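Before any comments, here is the structure.
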Number of protein chains: 2
Amino acid sequence: MKLSEGVEAAIHCAATLVSVEGEGTIPGAALAGQFGLSPSYLLKHLNALTAAGILESVPGPYGGYRLALPADRISLLDIVLAVEGPEPAFRCGEIRQNGPVKLDRSAYVKPCGINAAMLRAEKAYRKALAGERLSEIVHNFMTEADPRSVAAGCAFVERHQRPQKSPKQK
Amino acid sequence: MKLSEGVEAAIHCAATLVSVEGEGTIPGAALAGQFGLSPSYLLKHLNALTAAGILESVPGPYGGYRLALPADRISLLDIVLAVEGPEPAFRCGEIRQNGPVKLDRSAYVKPCGINAAMLRAEKAYRKALAGERLSEIVHNFMTEADPRSVAAGCAFVERHQRPQKSPKQK
DNA sequence: GCAATATTACTCGGATATACGATGTCCGAGTTAACAAGG
DNA sequence: CCTTGTTAACTCGGACATCGTATATCCGAGTAATATTGC
């Protein structure tokens with residue numbers, strides 16, 4: 001049971017994009033640099049978030065990524081599912097049917113109780129993840145984190161933000 | 001996010017061992033045959049359960065595995081942790097510190113809010129898993145599952161059970 | 001001076017290698033029951 | 001017939017290949033700003 005490393009990157013990027021104003025965007029390469037990640041690899045995960053409708057991507061110069069939804073509509077569950085895929089962590093292989101004694105298929109119409117129990121637990125996990133909204137995480141960061149860290153985050157956004165409507169600013 | 005395949009096998013084996021009477025044991029090879037698994041590979045997982053204090057192993061002829069605890073003291077969480085390892089699924093790599101601008105270490109004494117949120121959700125998951133007791137799962141299986149399936153399970157235990165105290169029975 | 005056009009630089013997107021971990025297999029150490037031999 | 005020592009078979013336990021997936025990388029398609037050129 002372990003989540004891929006990309007989940008952490010995806011959440012950090014999404015949290016950073018919350019601070020972007022209006023139609024502005026931040027290039028994927030800038031985000032990769034901010035977190036010391038391989039740009040080409042981060043793109044893969046950002047792409048997954050885009051496909052899931054969490055981010056929007058705009059190509060060309062002054063392009064980049066922005067949130068496709070308001071931050072209070074995005075939960076950690078959305079991000080995790082987008083990166084890891086929607087299938088549950090516990091996949092029942094129906095090994096109860098693999099024994100040497102072959103019973104009729106009708107003996108297995110009832111779902112496997114073990115599978116049901118594992119899925120109940122996983123449902124609780126997803127419910128908890130769905131309760132963690134991106135807006136709340138960013139809010140807590142702004143109010144509780146070290147001021148230097150907050151300032152550095154804001155400076156990064158200021159520096160790389162690309163306003164979509166007024167490209168003449170320099 | 002996906003659990004290893006061995007978790008399913010481990011849970012099925014543990015559930016099967018609940019029906020063993022008293023000091024009796026079932027060999028690992030028999031369990032592997034019952035679920036159509038590679039015997040040598042299943043041993044690895046059963047070994048992990050033994051190391052975690054969930055199972056007991058007795059060597060030699062008429063040896064095998066038995067539960068080390070009463071079934072109502074064993075939860076699915078215990079089994080999952082034994083097989084997958086105790087570390088949490090989400091491991092914070094502290095990528096927030098990997099950026100080009102290096103802040104003093106004192107700026108990061110507060111734990112990462114994203115990590116905290118993920119761990120909260122995982123705590124809920126573990127709590128739910130801890131509530132799923134092995135005794136309950138077996139009880140539900142006995143009362144709700146198809147009678148043919150229950151009979152097959154009992155027959156398997158009868159056939160391979162190795163009483164520890166009276167080996168003369170044949 | 002202005003507008004239209006070609007260029008260019010910058011972005012994302014998918015196809016392609018590589019590394020690590022889970023999966024699967026094998027052989028050895030240990031233990032206990034059975035057996036044989038001696039008393 | 002009972003005791004004792006030996007044998008042998010069966011068990012688990014850890015070390016060794018193999019496969020699959022996540023990780024990492026590269027190159028190509030697309031787009032919009034910009035420079036250029038003609039009017």
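Just so it is clear, the structure is predicted and the values come from calculations on it, not from any experiment. Note that these values count all heavy atoms, side chains included, but never hydrogens, waters or copies made by symmetry. All chains are named by letter (A, B, ...) in the order of the sequence lines, taking the proteins before the strands, and each is independently numbered beginning at 1.
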- Sequence neighbours excluded, every pair satisfying ring pair (Phe, Tyr, Trp, His ring centres under 6.0 Å) that has a member inside residues 86-129 of chain A: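 Applying ring pair (Phe, Tyr, Trp, His ring centres under 6.0 Å) to every pair that reaches into residues 86-129 of chain A, excluding sequence neighbours, yields Tyr125(A)-Tyr125(B).
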
- Message: Less than 4.0 angstrom from a charged side-chain N to a carboxylate O is my criterion; do Glu122(A) and Arg126(A) meet it?
- Response: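 Salt bridge: yes.
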
Name every donor-acceptor pair, under 3.5 Å, that has one atom in a side chain of residues 11-21 of chain B and the other anywhere in the protein, sequence neighbours excluded.
from: His12(B); atom 1: ND1; to: Glu8(B); atom 2: O; distance (Å): 3.1
from: Thr16(B); atom 1: OG1; to: His12(B); atom 2: O; distance (Å): 2.8

- Item | Distance in angstrom units between Arg66(A) CZ and dT11(C) P, rounded |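 In whole Å, dT11(C) P and Arg66(A) CZ are 15 Å from each other.
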
- Query: For Leu49(A) and dG13(C), what is the distance between atoms CG and P respectively, to the nearest whole Å?
  - Reply: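 Atom-to-atom, Leu49(A) to dG13(C), this comes out as 11 Å.
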
- Working to the nearest 0.5 Å, report the span between CG of Leu76(B) and CD of Glu136(B). 10.5 Å

- Query: When rounded to the nearest 0.5 angstrom, what is the spacing between CD in Gln34(B) and CG in Leu42(B)?
  - Reply: 11.5 Å

- Task: Go along nucleotides 13-26 of chain D 5' to 3' and tag each nucleotide: B for a protein heavy atom under 4.0 Å from its base, S when only backbone or sugar atoms are that close, - otherwise.
- Result: SS------S-BBBB

